[in-house]
Amino acid sequence: MGFRAVFFDVGETLVHPLPSYPELFAKVVADAGHPRSADDVSDASRVVLRRFSEAARDRSLWTTSPERSRAFWTSVYEHMIDRLGLPGDDGLADTLYGAFTDRSNYGLFDDVAPALEALEPQVEVLGIVSNFEAWLEDLLVDLGVRDRFGVRVISGLEGIEKPDPRIYELALERAGVRADESAYVGDNPEFDVDPPAALGMFPVLVDRRGRHPDFSGLRITDLRDLAGALA
């Protein structure tokens with residue numbers, strides 16, 4: 001393999017809500033007396049990607065303090081609540097925020113452990129570059145993988161967020177590698193493909209749900225294919 005380091009996004013790349021974002025959301029609102037299907041939630045959740053894009057455009061950091069995180073996610077949930085025709089005045093957004101910040105509601109994708117095992121003998125550094133709140137460090141401990149990533153650059157701890165090039169540059173500096181010696185793996189082209197590629201890193205899109213069938217770069221649907229694809 002021609003890469004000394006491989007860096008990963010975390011949310012929806014390595015880690016996901018259990019059993020999935022739509023299913024957990026649907027369970028929370030059903031428990032509150034408002035049954036909705038996971039498919040309904042999935043349709044409404046398109047607002048999440050739009051809010052990420054808006055935050056990046058406006059440079060409105062949303063992971064860098066608990067207050068910013070709560071405000072960002074509450075706005076997302078309020079939009080989704082409205083789209084789903086749910087009551088907006090009964091504290092449901094706060095209940096959802098509590099569920100999605102509960103570390104016990106998260107797990108690794110099934111393909112993560114075998115992918116890391118295949119990569120570890122082939123590269124010098126595995127790392128993380130993630131827009132995530134500071135509690136990601138504890139979540140990675142819970143999931144038994146923190147120490148597998150020798151470099152961890154988490155926006156909630158560093159005060160910078162993707163797609164700001166400084167967050168990728170910080171990871172490269174800590175790993176002691178050049179951009180052209182590194183690959184970056186993530187699920188969102190706007191944050192995980194174009195910005196690292198602009199620095200000279202090699203981007204890989206993981207697309208488990210087939211959202212980007214026309215993507216022209218290296219696209220995989222299972223992380224177990226990553227080591228072979230990079231080779």
Side-chain angles (χ1 to χ4, degrees), residues 8-56 62-63 69-115 130-133 135-136 138-140 142-145 162 185-193 205-215 219-226:
F8 293 87
D9 171 52
V10 175
E12 295 300 324
T13 297
L14 302 177
V15 169
H16 66 108
L18 296 172
S20 70
Y21 182 91
E23 289 169 294
L24 179 57
F25 193 109
K27 179 182 184 304
V28 171
V29 299
D31 288 347
H34 312 292
R36 295 293 187 276
S37 73
D39 287 342
D40 290 338
V41 173
S42 185
D43 289 341
S45 69
R46 292 173 186 155
V47 70
V48 179
L49 294 178
R50 188 172 74 245
R51 287 290 292 118
F52 286 155
S53 296
E54 290 170 352
W62 56 271
T63 62
S69 171
R70 179 179 286 276
F72 175 86
W73 284 111
T74 298
S75 73
V76 168
Y77 300 141
E78 287 172 346
H79 280 293
M80 292 181 64
I81 286 167
D82 182 63
R83 289 181 61 119
L84 289 164
L86 300 172
D89 57 356
D90 64 350
L92 192 52
D94 288 335
T95 302
L96 286 160
Y97 183 75
F100 282 97
T101 53
D102 181 343
R103 302 199 311 266
S104 68
N105 284 331
Y106 288 83
L108 296 172
F109 285 103
D110 291 341
D111 54 3
V112 171
S130 180
N131 282 2
F132 214 108
E133 292 82 355
W135 55 268
L136 177 58
D138 293 327
L139 176 59
L140 295 173
D142 295 344
L143 299 176
V145 294
K162 299 184 294 184
V185 184
D187 69 300
N188 185 325
E190 183 177 2
F191 294 93
D192 303 324
V193 172
L205 181 70
V206 57
D207 188 17
R208 293 184 181 89
R209 297 180 178 84
R211 293 170 174 163
H212 308 285
D214 299 324
F215 180 71
R219 170 181 170 268
I220 58 175
T221 58
D222 191 306
L223 273 186
R224 283 169 285 220
D225 298 330
L226 179 60

Chemist: Distance-only, no hydrogens or angles: does the S20 side chain make a donor-acceptor pair with backbone N or O of H16 under 3.5 Å?
Modeler: no
Chemist: When rounded to the nearest 0.5 angstrom, what distance separates CG in L86 from OH in Y77?
Modeler: 14.0 Å
Chemist: Check this for me, if you would: do K27 and E23 make a salt bridge, where the nitrogen-to-carboxylate-oxygen distance has to be below 4.0 angstrom?
Modeler: no
Chemist: Flag the pair Y97 / F72 as yes when their ring centroid distance falls below 6.0 Å, and as no otherwise.
Modeler: no
Chemist: Hey, mind stepping through Y21 and S45 against side chain to side chain contact (heavy atoms under 4.5 Å, CB included) and telling me if it holds?
Modeler: CA-CA 9 Å; Y21 182 91; S45 69; 4.0 Å; yes
Chemist: Can you list everything that forms a side-chain contact (heavy atoms from CB on, under 4.5 Å) with A71? Sequence neighbours excluded, please.
Modeler: none
Chemist: Is there a side chain to side chain contact (heavy atoms under 4.5 Å, CB included) between D207 and F215? Walk through the geometry before answering.
Modeler: CA-CA 10 Å; D207 188 17; F215 180 71; over 6 Å; no
Chemist: Which atoms form the tightest heavy-atom contact between L18 and G107, and what is the distance?
Modeler: CG-N, 3.6 Å
Chemist: Under the 3.5 angstrom rule, does the side chain of D192 hit a backbone N or O of N188 as a donor-acceptor pair?
Modeler: yes
Chemist: Can you tell me how far CD of E78 sits from CG of D94, rounded to the nearest 0.5 angstrom?
Modeler: 8.5 Å
Chemist: Any idea which heavy atoms bring R219 and G210 closest together, and the distance?
Modeler: NH2-CA, 3.9 Å
Chemist: Answer whether the closest heavy-atom distance between the side chains of V29 and L84 falls below 4.5 Å.
Modeler: no
Chemist: Any sub-3.5 Å donor-acceptor pair from R208's side-chain atoms to T13's backbone N or O?
Modeler: yes
Chemist: By side-chain contact (heavy atoms from CB on, under 4.5 Å), which residues pair with S37, not counting sequence neighbours?
Modeler: D39, D40
Chemist: What do the steps show when you test L96 against M80 for side chain to side chain contact (heavy atoms under 4.5 Å, CB included), and what is the final call?
Modeler: CA-CA 11 Å; L96 286 160; M80 292 181 64; over 6 Å; no
Chemist: How long is the gap from CG on D110 to CZ on R224, to the nearest 0.5 Å?
Modeler: 6.5 Å
Chemist: Mind checking whether F191 and F52 have side chains closer than 4.5 Å, heavy atoms only?
Modeler: yes
Chemist: Please list, chain by chain and in numerical order, all residues satisfying side-chain hydrogen bond (donor to acceptor under 3.5 Å, both in side chains) with R36, sequence neighbours excluded.
Modeler: none
Chemist: So, taking the atom named CG in L14 and the one named CG in L223, what distance separates them when rounded to the nearest 0.5 Å?
Modeler: 6.5 Å
Chemist: Nearest 0.5 Å, what's the CG-CG distance between D111 and L226?
Modeler: 9.5 Å
Chemist: Can you name the nearest heavy-atom pair linking I81 to G88, along with the distance?
Modeler: CG2-CA, 4.2 Å
Chemist: Report yes if the side chains of H212 and V193 come closer than 4.5 Å at any heavy-atom pair, otherwise no.
Modeler: no
Chemist: Within the structure provided, determine whether V145 and V15 are in side-chain contact (heavy-atom separation under 4.5 Å).
Modeler: no
Chemist: Any ion pair linking R209 and D187 (charged N to carboxylate O, less than 4.0 Å)?
Modeler: no
Chemist: OG1/T63 to CH2/W135 distance, rounded to the nearest 0.5 angstrom?
Modeler: 11.5 Å
Chemist: Run through E133, R70, E54 and flag the one making a side-chain contact (heavy atoms from CB on, under 4.5 Å) with W62.
Modeler: E133
Chemist: Using the rule given for side chain to side chain contact (heavy atoms under 4.5 Å, CB included), can you reason through F132 versus L139, listing the C-alpha separation, both sets of side-chain angles and the distance that settles it, and then say yes or no?
Modeler: CA-CA 11 Å; F132 214 108; L139 176 59; 4.2 Å; yes
Chemist: Would you mind reporting whether D9 and S130 have side-chain heavy atoms less than 4.5 Å apart?
Modeler: yes
Chemist: Under 3.5 Å, side chain of N105 to main-chain N/O of A99, donor-acceptor pair present?
Modeler: yes
